[in-house]
Amino acid sequence: MSKVKTLGQFIIEKQSDFPYAKGELSRLLRDIGIASKIINREVSKAGLADILGEAGETNVQGEQVKKLDLFSNEQMIAALTVGGECCAMASEENEDIIPIDNAQSATARYVVAFDPLDGSSNIDANVSVGTIFSIYRRTSLSGPGNTADFLQRGTDQVAAGYVIYGSSTMLVYTTGKGVNGFTLDPSIGEFCLSHPNMKIPNGGKIYSINEGNYVHFPDGVKKFIKWCQEEDKPSKRPFSSRYIGSAVADIHRNLLYGGIFIYPTTSTSPKGKLRLLYECNPLAFIVEQAGGKATDGFGRILEIELNSLHQRSPLFIGSTEMVERAEEFMSKYSSVELKN
Ligand code: P6P
């Protein structure tokens, strides 16, 4: 009896978790899985760009080679359009929403926001990158979705997940009933359940932040970093500094080992760098469901009011004990105006 449980089998098995579920959410997750497999195929060839042709040129087959983030964006849009289960999409690559105006989608109940290839600037160095997605019920009644369908709090997400294209390709997602991880088995082309019921360690010894921005960090962040670096055996300090520069990879590592990832306000990113809709909210939903915490340094990420598609937020995310320690420093050392 095979012990392999595919993503498809798992989704159908869990479908009973949703009363009145007619399978749309299951099919939506299936569609995202399909796009991820196609993206994975191209990302895994990235190192062959010299042979296959750089982006913007034609390859040996005479085909136009696209930048991988644009390619990934096209695959997500295509899979969700054909799948017919969502009425609109929002993407990091598109200024405005992408309404889907076809017969199937007119009655679709969901909208999907995504970052098709987060960290793509690292691709040429063969660093792990990721796709991040977030699913909401539409608030409009019918027809193609509209921008207002996306302006919801993170607490309103019905599902969220990421795909990390690394030493192996993993899809990690939640529907609010815990977090499960699936590793792609290329020999059968299926995501197989490899990390059931993922839980982030309550404490950790890894802090992940771009210390190159140190001089521009809020005082609370500076004090937290120095606290992490102090010698203190009972609390196992100094902690280790690990920063990949690809949020999905940094946060995935911390999800497995414990730790905190911080992208605070800086001089070049006065509201933070990461986007609330398709980065902070889905990653926060996953980490909270795994028992961790995600805030902007003062308040819960999932409760932040979203007023625009590409709105940015500071992000403190990971093991609860580490996030709460960082919040203590933020409260103690950051000036009052930063709390508004
Ligand atoms: P910096 C990638 O561009 C990204 O959006 C995140 O994945 C990553 O955590 C962050 O930016 C890295 O930004 O300023 O440290 O290079």
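Note that ligands are numbered from 1 as they come in the structure, with each ligand's atoms numbered from 1 the same way. Throughout, numbering of the chain's residues begins at 1 and tracks the sequence. Model, not experiment: these values are computed from the prediction.
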Salt bridge check: are Arg30 and Glu85 linked by an N-O gap of less than 4.0 Å? no
Return the closest protein heavy atom for atom 12 (C) of ligand 1 as residue, atom name and distance. Tyr243 OH, 3.3 Å
Gap between atom OG1 of Thr175 and atom CG of Leu28 - 0.5 Å precision: 12.5 Å
Interatomic spacing from CG in Leu7 to CG in Leu171 - rounded to 0.5 Å: 6.0 Å
Name the one of Arg27, Arg138, Glu24 that satisfies side-chain contact (heavy atoms from CB on, under 4.5 Å) with Tyr110? Glu24
What do the steps show when you test Ile317 against Ile301 for side chain to side chain contact (heavy atoms under 4.5 Å, CB included), and what is the final call? CA-CA 9 Å; Ile317 187 170; Ile301 287 286; over 6 Å; no
Give the atom numbers and elements of ligand 1 that come within less than 4.0 Å of a heavy atom of [X].
| X | result |
| --- | --- |
| Gly119 | 2 (C) |
| Phe261 | 9 (O) |
| Gly245 | 2 (C), 8 (C), 12 (C) |
| Asn210 | 1 (P), 14 (O), 15 (O) |

Please state whether Leu274 comes within less than 4.0 angstrom of ligand 1, counting heavy atoms only. yes
Both conditions, 6.0 Å and 45 degrees, for the charged tip of Lys332 above the ring of Phe224: are they met here? no
Option nearest atom 11 (O) of ligand 1 (shortest heavy-atom distance, choices Lys273, Glu211, Glu279, Glu92): Lys273
Tyr263 N/O to ligand 1 N/O under 3.5 Å: yes
Backbone or side-chain N or O of Asp118 under 3.5 Å from ligand 1 N or O: yes
Backbone N/O of Glu328 and side chain of Ser331: donor-acceptor pair under 3.5 Å: no
Which is it for Ala247 and ligand 1 at heavy atoms under 4.0 Å: side chain, backbone, both or neither? both
